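The structure appears below as structure tokens.
Side chains included, hydrogens not; waters and symmetry mates left out as well; all remaining heavy atoms used. Please read these numbers as outputs of a predicted model, since none were measured by experiment.
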Protein chains: 2
Amino acid sequence: MHSNVHELIERYLSVSFLVNKKAVALVKCELDEMTNDQYYLLRYMSKRNVCTSSELAAVFAVNKSAITAMTNRLVEKEMIQRLRDDNDRRVIYLSLTEKGKTWLAETETKIHHLVESLITQFSEEEIESFIQTYEKLANILQKLEETK
Amino acid sequence: MHSNVHELIERYLSVSFLVNKKAVALVKCELDEMTNDQYYLLRYMSKRNVCTSSELAAVFAVNKSAITAMTNRLVEKEMIQRLRDDNDRRVIYLSLTEKGKTWLAETETKIHHLVESLITQFSEEEIESFIQTYEKLANILQKLEETK
DNA sequence: CGATATAGTTCAACTATTTAACTATTAAAT
DNA sequence: ATTTAATAGTTAAATAGTTGAACTATATCG
């Protein structure tokens with residue numbers, strides 16, 4: 001073990017927590033009447049087109065009952081809809097409504113402008129290598145989860 | 001604007017959210033009876049030695065009333081203590097109790113082992129440059145906040 | 001002195017989360 | 001084929017975190 005691993009860990013813990021807090025606060029400004037978690041839930045569902053509660057619980061690393069609560073709120077807001085699978089009647093598919101798609105599209109535009117104003121302060125090489133390492137970390141965390 | 005900035009932003013939004021969720025879930029395993037936010041609050045207070053509610057609210061990017069609620073819970077758990085400033089009696093200083101210091105020290109050891117097992121899967125250069133970019137981002141977010 | 005600013009708290013309302021117990025449905029075993 | 005297991009999702013109670021508005025107390029400034 002290198003002597004400065006300890007220091008690197010300290011720096012990582014501090015900076016990751018701080019950036020997350022500040023980023024969440026910044027993003028929140030663009031999401032009237034919706035929360036950060038709701039935005040990311042819609043984002044994920046939109047990418048997958050259709051998905052289940054269990055899948056969301058795994059991806060978001062929370063219990064299924066937390067997903068039930070969150071999706072209830074999104075259904076109330078008419079952002080998503082539930083559709084029971086006829087082959088396996090235990091399964092309920094979740095998907096965005098037209099209203100959900102519209103809201104997400106508008107929001108993505110705002111968020112992109114926001115992130116773009118930050119990201120363009122770095123060189124493309126720096127950002128590319130930063131995101132690559134970040135993605136590598138995501139894979140390691142994913143594998144770690146699967147082995148548990 | 002480069003043609004792939006859009007794609008970089010998408011990748012960043014996805015990966016940052018995912019890593020954060022997974023990391024929080026991992027860290028939580030090491031924190032019996034305490035929450036992630038409580039851990040980071042103690043961590044920050046420990047580094048600063050002594051601090052105020054207003055400072056915490058600014059750093060954690062939340063309202064002061066959120067800090068009151070959180071510090072109440074930490075006082076109940078006897079992890080921190082409040083001490084009124086005699087010069088300016090509006091101000092209340094927060095600091096860790098002995099119990100808080102002990103708990104934090106033990107927890108830091110566990111978290112360090114956890115993060116170390118992840119971080120050592122990268123080369124030192126890769127981690128160093130990753131954290132540097134991360135810190136640069138933190139500074140940009142900090143400045144952005146100050147100008148608002 | 002009186003107005004204004006600052007530090008912190010309280011309260012009501014809401015979101016997010018966990019755990020345990022539950023319903024409904026499917027798959028597997030004998 | 002019928003009982004047993006597992007799977008998908010919900011419900012309910014409890015706790016944590018958060019906001020915003022109204023509030024108390026204290027300090028500063030003109």
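Between the side chain of B/Arg90 and the base of C/dT6, at least one donor-acceptor pair of N or O atoms lies under 3.5 Å. Checked by distance alone, A/Ser65 brings no side-chain donor or acceptor within 3.5 Å of a matching partner on the base of C/dT17.
Residue contacts for B/Asn63: at a heavy-atom cut-off of 4.0 Å it reaches a base atom on one of the strands shown.
We find that CZ of A/Arg89 is positioned 13 Å from P of D/dG9, with the value rounded to whole Å. In this structure, the CG atom of A/Leu74 is 11 Å from the C1' atom of C/dT15, given to the nearest Å. Atom pair A/Ile67:CD1 and D/dT10:C1' shows a separation of 13 Å (rounding to whole Å applied). Summarising the geometry, the separation between CG on B/Asn72 and C1' on D/dT15 is reported as 14 Å, rounded to the nearest angstrom. Note: CG (B/Leu56) to P (D/dT18) measures 12 Å, nearest angstrom.
Between B/Lys28 and C/dT17 there is no side-chain polar atom (N or O) within less than 4.0 angstrom of OP1 or OP2. For A/Thr35 and C/dA16, the shortest distance from a side-chain N or O to OP1 or OP2 is below 4.0 Å. Distances shorter than 4.0 Å separate some side-chain N or O of B/Arg82 from OP1 or OP2 on C/dT9. Between B/Arg73 and D/dG17 there is a side-chain N or O to OP1 or OP2 distance below 4.0 Å. The phosphate of D/dT10 (OP1 or OP2) has a side-chain N or O of A/Ser53 nearer than 4.0 angstrom. Note on B/Ser54: a side-chain N or O is less than 4.0 Å away from OP1 or OP2 of C/dG8. The phosphate of C/dC22 (OP1 or OP2) has no side-chain N or O of A/Lys64 nearer than 4.0 angstrom.
Of the candidates D/dG17, D/dT19, D/dT10, D/dT19 carries the atom nearest the B/Ala66 side chain, counting heavy atoms from C-beta on.
Where A/Asp88 and A/Gln38 meet DNA chain C, the nucleotide closest to each residue was compared, and A/Gln38 sits on the side nearer the 5' end.
The aromatic rings of A/Phe130 and B/Phe130 sit parallel, their planes meeting at an angle under 30°, below the 60° perpendicular limit.
Cluster annotation: B/Leu26 and B/Ile127 are assigned to the same hydrophobic cluster (Ile/Leu/Val/Met/Phe/Trp/Tyr, side-chain heavy-atom contacts under 4.5 Å, transitive). No continuous path of ILVMFWY side-chain contacts below 4.5 Å connects B/Val91 to B/Leu94, so the two sit in separate hydrophobic clusters.
For an aromatic pair to be called close, the ring centres must be under 6.0 Å apart, and A/Tyr134 with B/Tyr134 satisfies this. For A/Tyr44 and B/Phe17, the ring centers are positioned 6.0 Å apart or more.
A 3.5 Å limit on both hydrogen-bonding distances identifies no Watson-Crick or G-U partner for D/dA5. With a cut-off of 3.5 Å on both Watson-Crick or G-U wobble distances, the partner of D/dT19 is given as C/dA12.
Taking the O4'-C1'-N9-C4 or O4'-C1'-N1-C2 dihedral as appropriate, C/dA24 has a value more than 90° from 0 and is therefore anti.
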